[in-house]
Amino acid sequence: MLAHCAVHVEHSRGRRFLEPHHPYRNDFQRDRDRVIHARAFRRLEAKTQVFTRRYSDHFRNRLTHTLEVTQISRTIAGALALNSDLAEVLALVHDIGHPPFGHAGEKALDTAMREQGLSFDHNLHALRIVEDFEQRYAAFRGLNLTFEVREGIIKHSHDYSANEHPDLSEYLLEKRPPLEAQLIDLADEIAYNTADLDDGYEAHLLSLDEIREGVPAFERFFREVQQIYPDAPDKLKFNEALRRVLNRFVDDLIRNTQKRVEAAGIRTLEDVRNHPERLAAFSPTVESERKQSKNFLYENLYFSPALAEEKDDAERVVTELFAFWMAHPESLPHNYQQKAKEESLPRIICDYIAGMTDHFILEQYEKHCGS
Ligand code: MG
């Protein structure tokens with residue numbers, strides 16, 4: 001039984017192009033399957049999350065990160081009696097617009113675009129992928145996803161102003177997204193705040209003592225675990241503490257969101273949309289724990305000298321390739337040259353680069369910019 005304020009698939013605003021119903025999959029389940037079968041989805045496997053393959057094959061890449069966000073999102077949606085099919089597809093698609101080389105690649109691409117008076121935004125790029133670039137159907141371009149999935153792609157992580165984005169006016173920018181979309185961003189936070197501690201520890205970039213000192217939520221559970229398993233190896237104590245942190249964040253998000261929905265007197269999906277702020281949220285205590293953990297990761301991992309060299313390399317590769325194709329558009333693949341007749345050259349180059357995997361962009365760099 002779905003909550004009254006959940007998105008009910010039978011009330012979906014539907015697809016741009018009408019399609020016959022499927023005999024045993026509903027529209028959100030079909031959207032999930034369309035995302036999984038998309039080329040851009042498969043490429044997530046070869047895109048950096050935080051660590052490149054140089055470190056280890058055990059670490060998260062964009063695809064395995066995406067699967068972790070999906071698992072967490074389904075749990076939260078299920079516990080809140082929200083539409084877990086919709087939450088699942090939104091989680092699967094949430095990072096599909098990310099360029100190669102993680103955050104460094106995104107920053108470099110945005111900088112290159114800003115020099116052309118434009119910008120790069122991974123949510124808007126994700127929409128371009130599912131609306132246009134993916135070509136699987138003879139009847140239309142893109143994946144022809146339902147309105148609620150396209151809306152969630154745009155609105156899950158932040159609000160776009162209707163004035164600045166007249167092109168997005170169909171997505172009800174003045175209203176909040178459904179709870180299924182709201183929870184994705186927080187599930188993403190839970191997933192990477194815990195996973196990056198795990199990978200950072202495994203990579204020996206973060207020590208157990210540093211984590212215990214810098215992340216109080218972890219320290220509390222670590223002490224508890226030491227009482228229960230005094231003789232267990234450190235790594236297993238670490239795992240036991242970390243999964244308790246993850247569980248605490250998920251549990252708090254479920255309870256606190258439920259509480260906020262009740263306190264605000266939310267009955268219907270329209271109430272969720274019309275509420276002045278997002279309802280999916282951690283309690284103030286856990287919100288501050290999340291921030292502590294995130295700040296710790298920024299200070300000790302994301303901006304660590306150990307990762308700096310790779311980030312500089314990533315930025316150089318993106319920046320130089322972008323400049324190369326600006327100067328030599330004739331070296332772009334034929335279909336991108338054709339597209340550049342309809343849209344600005346910088347946008348087309350940005351699309352091309354954003355779609356690349358880490359190793360494909362390195363190959364291109366060797367070919368065009370290598371000495
Ligand atoms: Mg993510």
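Because the structure is predicted, anything quoted here is derived from the model rather than measured. We count ligands from 1, going down the list as the structure has it; atoms in each ligand are counted the same way.
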*Go through the steps to decide whether Asp85 and Gln29 satisfy the test side-chain hydrogen bond (donor to acceptor under 3.5 Å, both in side chains), and finish with yes or no.*
CA-CA 6 Å; Asp85 291 330; Gln29 292 168 343; 3.2 Å; yes

*Return yes if some donor-acceptor pair links the side-chain N/O of Arg176 with the main-chain N/O of Pro276 below 3.5 Å, else return no.*
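It does hold such a pair.
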
*asked:* Quick one, Arg34 with Glu19, criterion salt bridge (Lys or Arg N to Asp or Glu O under 4.0 Å). Give me CA distance, side-chain angles, the key distance, then yes/no.
replied: CA-CA 14 Å; Arg34 287 173 189 205; Glu19 293 183 51; 2.8 Å; yes

_Residue-atom pairs from the protein, N, O or S only, that lie under 2.8 Å from the Mg ion (ligand 1)_ =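 Listed by chain and number: His65 NE2, His94 NE2, Asp95 OD2, Asp188 OD1.
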
*Please state whether the rings of Phe17 and Phe140 are parallel, tilted or perpendicular, taking 30° and 60° as the class boundaries.*
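Correct class here is parallel.
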
*Given salt bridge (Lys or Arg N to Asp or Glu O under 4.0 Å), test Asp252 with Arg248 step by step and report yes or no.*
CA-CA 6 Å; Asp252 180 81; Arg248 172 173 168 83; over 6 Å; no

*ILVMFWY clustering at 4.5 Å (side-chain atoms), partners of Val225*: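 Val225 clusters with Ile228, Tyr229.
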
